[in-house]
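See below for the structure under consideration.
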Protein chains: 2
Amino acid sequence: MAKIKPKKQATLSDIAANVGVAPMTVSRVMNGNGYVSEETREKVMRAAKEMKYRRNGLAHNLKRQRTDTIGLVLGDISNPYSTELANAIRETLSARGYNLFICISEHSAKEDIAAFESLVNHSVDGLIVATRSNKGGDEYLKEIVESNVPVVVIGRDFQHKSVDFVSTDNLNGGFEATRHLIDLGHRRIGFIGATLSGGSSLKRLQGYLKALEQYKIPVDERLITGRKEAISEVPGYSTEKMGYEGMKRLLSLPNRPTAVFARNDFTAIGAITAIKEAGLKIPEDIAMVGFDDIPLAVHTSPALTTVRQPMRLQGQLAAEMLLQRIEREEPEQRRERILNCELIIRNSTV
Amino acid sequence: MAKIKPKKQATLSDIAANVGVAPMTVSRVMNGNGYVSEETREKVMRAAKEMKYRRNGLAHNLKRQRTDTIGLVLGDISNPYSTELANAIRETLSARGYNLFICISEHSAKEDIAAFESLVNHSVDGLIVATRSNKGGDEYLKEIVESNVPVVVIGRDFQHKSVDFVSTDNLNGGFEATRHLIDLGHRRIGFIGATLSGGSSLKRLQGYLKALEQYKIPVDERLITGRKEAISEVPGYSTEKMGYEGMKRLLSLPNRPTAVFARNDFTAIGAITAIKEAGLKIPEDIAMVGFDDIPLAVHTSPALTTVRQPMRLQGQLAAEMLLQRIEREEPEQRRERILNCELIIRNSTV
DNA sequence: ATTTGGTGTGTTAACGATAACTTTTGTAAC
DNA sequence: GTTACAAAAGTTATCGTTAACACACCAAAT
């Protein structure tokens, strides 16, 4: 046996030279295809083990023209929503023989682009995007799509003829949540966490507005709190803090709301803290509805009324749609799947 | 201009053929180095844009012999601990020009191996591992390390001369948490969430035992709940559920504990739910201490006394140590960094 | 004795990009 | 008019792997 190279990875040729065969023969041994005599196989195996051989995936994938890898770009991974999504996607892909690489982008265009770029640079076979929409990121994503990388988006705006779309019915969820409060007799209903981005929270706000309109309750702008900045500048955010601060503002109003719908459960939890700090009772003084039904919603006190969205199902569908795009020949039409969500009534409203 | 190819990615050669120059010239234009006339540059740029050219990262990285990408393998991403870690790592790497790919492995050897393999196959420049230790996974990890991939582990067992190690002082944290309860006069103190894996929770249990010993309090096995299965079979777990069920068991004891130390905050939150369900008061009937100081710890009712560990710092250090290994020539000794943690006293104990 | 066909192995060329080298062209200096 | 040298290209070889083909060799079948 020749000396083992000091630092570098051993290659097929290294082993071939060592054993005294052609690199192709080593390749055959490693991949277990083609004819190789038992004697040669053993010699090669031994040398490979000794030299700590490990196939170079870049070269392998370059030759194969595929990587069996999917990229997922997530925004806020602190949110159990993202977590469940990621797990469902991973499980679905894993069952079909694909790996999943996750990149985080805390909602800035720059980070979105960096994430897209690094995944595409590694030649992922497809991309699932679940960040909030923003101008720069979307432009870059469009380029990627048009250079023929299969893409599916989850719960965010992105109109493109060859990009599939999975989401929950945030509009109707927001509507149901608000209607629930109206049915309970509330007329001054606040909304916490409005943003201008074209994502799910906008839809939830629209559902809120729709419910008010349908029940002829005038909209009071002061009851709607949130962030008004331009989409592209939105930094990493803490929705819990947003809920806390939003609620503070609502509580300081001369005529404070008797009920509040928060854009998501974290926001609601922050709001609950503010309400308790003010010495008020939930739901007697202020009723509270969240969105998502994160695992902790049942543990807050009082347990949180919220809108449950099928997180796992969204991930699963997105993964399946992406694989279909990857594995099918025919270019398809854009597909949209908008899933129903469900109002879960707990003690924060009744 | 020639016709645009129907589905495939355009390559340098495609553009070269289209414009009527050599591939190398196109490469020069794309990378902005070497001499290219303004005229040619423009023609090439135009063609590239039209053909939606995108550099093949596999080929590029194969040639470069590096990817500027680091892989992170996480266990439970539902835990804010992992989240913070990931964010800190990403920020540190990003500042140094590296990308981060995250793989999830819900604590099974099979998934660990799959994650390691897919990252190494993509030739990441280094690997940060923050999963729980398990036999199969560790063996595979050893192979990877010995084939010269730089690796750093966080908060988990893995002894290897060329693998750096970052963790918090879980032993002392467990000790302090328990001592706090002892100082408050408690003598029957439960522990929820023991596991046999060589990770952080074992150390926390040891800290608990050490405190009992030091204060001459006899250990009552019945007060220690957890999972006894073999390490390699541990499935995806819900620590919250573990806390709930563990607490139920403790409550059913003839002589129930007056205080409980939970392996982490999620477990503590589950335990709190069980305590409340039993109609008992915290901390009057049962005092509760958690570990991690997740953002929600301050929002539980009562707010949770817990041991804060510097999550961001751990991530940052791990990333820096890894980059040093990658960028330095000299092979170094194994380095260990064990960070202090801090007891945060809130209302669940006093 | 020759065909057939499986077995074992080597050779070549590609995957896409690019470093290093070579060639050609233009043009300013002597 | 020749030299000199920068500018603008082209050519070759390589990163590590592998598909496709070529070529031995040997046993069984004709």
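In what follows, chains carry the letters A, B, and so on, assigned in the order in which the sequence lines appear, proteins first and then strands, with residues in each chain numbered from 1. Computed from a prediction, not measured in an experiment: that's the story for all the values here.
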query = Closer to the 5' end of DNA chain C via nearest nucleotide, is it A:T25 or A:Y35?
reply =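 Taking each residue's closest nucleotide, the earlier one in sequence belongs to A:Y35.
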note = When B:G57 and B:R28 are each assigned the nearest nucleotide of DNA chain C, the 5'-most assignment goes to B:G57
With the side chain of [X] defined as its heavy atoms from C-beta on, choose the nearest nucleotide among [options].
X: A:N56; options: D:dG10, C:dA17, D:dG16; value: D:dG16
X: A:A59; options: D:dA20, C:dT18, D:dG16; value: D:dG16
X: A:Q65; options: D:dG10, C:dC15, C:dT9; value: C:dC15

Heavy atoms of other groups near A:R337 CZ, more than 12 under 6.0 Å =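 No, CZ of A:R337 has 12 or fewer neighbouring heavy atoms, counting only those of other groups under 6.0 Å.
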inquiry  = A quick test of your reading: do over 12 heavy atoms of other residues, nucleotides or ligands sit less than 6.0 Å from CD of B:E39?
reply    =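 Not buried by this count: 12 neighbours or fewer within 6.0 Å.
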Whole-Å gap separating [atom2] ([N]) and [atom1] ([X]):
X: A:M24; N: C:dT9; atom1: CE; atom2: P; value: 13 Å
X: B:K63; N: C:dA20; atom1: NZ; atom2: C1'; value: 9 Å
X: B:R64; N: C:dA19; atom1: CZ; atom2: C1'; value: 14 Å
X: B:K43; N: D:dA8; atom1: NZ; atom2: C1'; value: 12 Å
X: B:R66; N: C:dT18; atom1: CZ; atom2: C1'; value: 16 Å
X: A:M30; N: D:dA19; atom1: CE; atom2: C1'; value: 18 Å
X: A:N61; N: D:dG16; atom1: CG; atom2: C1'; value: 12 Å
X: B:L12; N: D:dC15; atom1: CG; atom2: P; value: 19 Å

task = On the 0 to 90° scale, with breaks at 30° and 60°, tag the A:H122-B:F101 ring pair as parallel, tilted or perpendicular.
result = perpendicular
Looking at [X], I'd like to know whether one of its side-chain N or O atoms comes within less than 4.0 Å of OP1 or OP2 on [N].
X: B:S13; N: C:dA17; answer: no
X: B:S27; N: C:dA17; answer: no
X: A:H60; N: D:dG16; answer: no
X: B:N31; N: C:dT18; answer: yes

ask   = Contact class for B:R55 vs. all strands (heavy atom < 4.0 Å): base, sugar-phosphate, or nothing?
value = sugar-phosphate
message = Which is more 5' along DNA chain D, the nucleotide nearest B:L62 or the one nearest B:S37? Just name the residue.
response = B:S37
ask   = What do the steps show when you test B:R96 against B:E320 for salt bridge (Lys or Arg N to Asp or Glu O under 4.0 Å), and what is the final call?
value = CA-CA 9 Å; B:R96 301 269 241 106; B:E320 281 166 7; over 6 Å; no
inquiry  = What I want to check is whether the side chains of A:R54 and B:N148 have a donor and an acceptor closer together than 3.5 Å.
reply    = no
request  = Kindly say whether, by distance alone, the side chain of B:R54 makes a donor-acceptor pair under 3.5 Å with the base of C:dG16?
outcome  =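 When only heavy-atom distances are counted, B:R54 does not reach the base of C:dG16 through any donor-acceptor pair under 3.5 Å.
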